[in-house]
Amino acid sequence: MGFKEPSFFDRQAAARNARKDILEKFKAKPGLDDPAVLKRAAERQEQAAKREEVRKAREAAKAEEKAREMEQAAQAAAEAARVQAEAEATEAELKAQQKAARDARYAARKAKRK
């Protein structure tokens, strides 16, 4: 018993049966106005709304965190500027004292020569 090649009519009947099965399967599907389909669509819509709500909450939290980080960075920059200004003021005061001492030494030498 070997493999029997299906005839043209067998192949044609198989194709016809396959088309008929596909059509029946399509007709068996519930329509758009079916309560089960409407219920699933409503559930999907609720899930999408929940996901959107969670996404917005996450974005708000990220924005809040970024604002907090920017505020901290601004405070750190202000503190650094204050420290820099203090350092410059201290340095300027030190230079003024050094110049006054140098001028006093110069005046003392000048007065000694006279």
Side-chain angles (χ1 to χ4, degrees):
M1 294 275 205
F3 177 73
K4 181 180 176 191
E5 186 74 29
S7 70
F8 173 74
F9 296 110
D10 293 335
R11 291 192 313 265
Q12 196 175 26
R16 188 173 34 250
N17 288 337
R19 280 194 301 273
K20 187 172 75 170
D21 291 342
I22 290 172
L23 184 62
E24 287 174 6
K25 184 178 176 183
F26 180 73
K27 286 182 180 180
K29 273 186 146 180
L32 294 176
D33 58 348
D34 187 38
V37 171
L38 293 175
K39 182 180 174 187
R40 280 195 308 265
E43 288 173 354
R44 280 194 301 269
Q45 227 172 8
E46 286 177 23
Q47 289 174 348
K50 286 179 184 176
R51 279 193 304 270
E52 183 67 19
E53 191 175 306
V54 168
R55 184 186 63 80
K56 285 184 180 181
R58 193 175 326 128
E59 285 179 0
K62 282 183 183 180
E64 184 178 314
E65 180 66 26
K66 189 171 184 177
R68 188 176 17 253
E69 287 175 359
M70 289 182 72
E71 182 180 332
Q72 288 174 352
Q75 288 176 352
E79 180 67 21
R82 185 185 63 77
V83 168
Q84 179 71 21
E86 286 178 0
E88 288 174 359
T90 304
E91 185 178 337
E93 185 180 327
L94 179 64
K95 285 187 179 186
Q97 289 174 353
Q98 288 174 345
K99 184 178 185 314
R102 189 174 56 242
D103 289 347
R105 285 192 309 268
Y106 179 72
R109 271 196 321 262
K110 201 112 166 143
K112 196 177 186 182
R113 287 187 193 172
K114 284 187 179 184

**Report entry** Pairs involving residues 28-43, ordered by first then second residue, that meet side chain to side chain donor-acceptor pair (under 3.5 Å) (sequence neighbours left out)
**Finding:**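 Checked against side chain to side chain donor-acceptor pair (under 3.5 Å) - neighbours excluded - no pair reaches residues 28-43.
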Report task. Any side chain to side chain donor-acceptor pair (under 3.5 Å) involving residues 90-111? Give me the pairs, sequence neighbours left out, ordered by first then second residue. Result ->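 Qualifying pairs, neighbours excluded: Lys99-Asp103.
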Cut-off 3.5 Å, no hydrogens considered: what does the side-chain donor-acceptor table look like for residues 11-20, sequence neighbours left out?
{"from": "Arg11", "atom 1": "NH1", "to": "Pro6", "atom 2": "O", "distance (Å)": "3.1"}
{"from": "Asn17", "atom 1": "ND2", "to": "Ala13", "atom 2": "O", "distance (Å)": "3.3"}

Please output the side-chain donor-acceptor pairs of residues 44-53 that fall under 3.5 Å, not counting sequence neighbours, one pair per line with the distance.
{"from": "Glu52", "atom 1": "OE1", "to": "Arg55", "atom 2": "NE", "distance (Å)": "3.3"}
{"from": "Glu52", "atom 1": "OE1", "to": "Arg55", "atom 2": "NH2", "distance (Å)": "3.4"}
{"from": "Glu52", "atom 1": "OE2", "to": "Arg55", "atom 2": "NH2", "distance (Å)": "2.2"}

Query raised in the report: Linking Ile, Leu, Val, Met, Phe, Trp and Tyr by side-chain heavy atoms under 4.5 Å, what else ends up with Phe8?
Result: Phe9
Query raised in the report: Is the shortest heavy-atom distance from the side chain of Glu65 to the side chain of Lys62 under 4.5 Å?
Result: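 Not in contact.
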**Report entry** Inter- and intrachain pairs under salt bridge (charged side-chain N to carboxylate O under 4.0 Å, His left out), touching residues 71-89, at least two apart
**Finding:** Glu79-Arg82, Arg82-Glu86
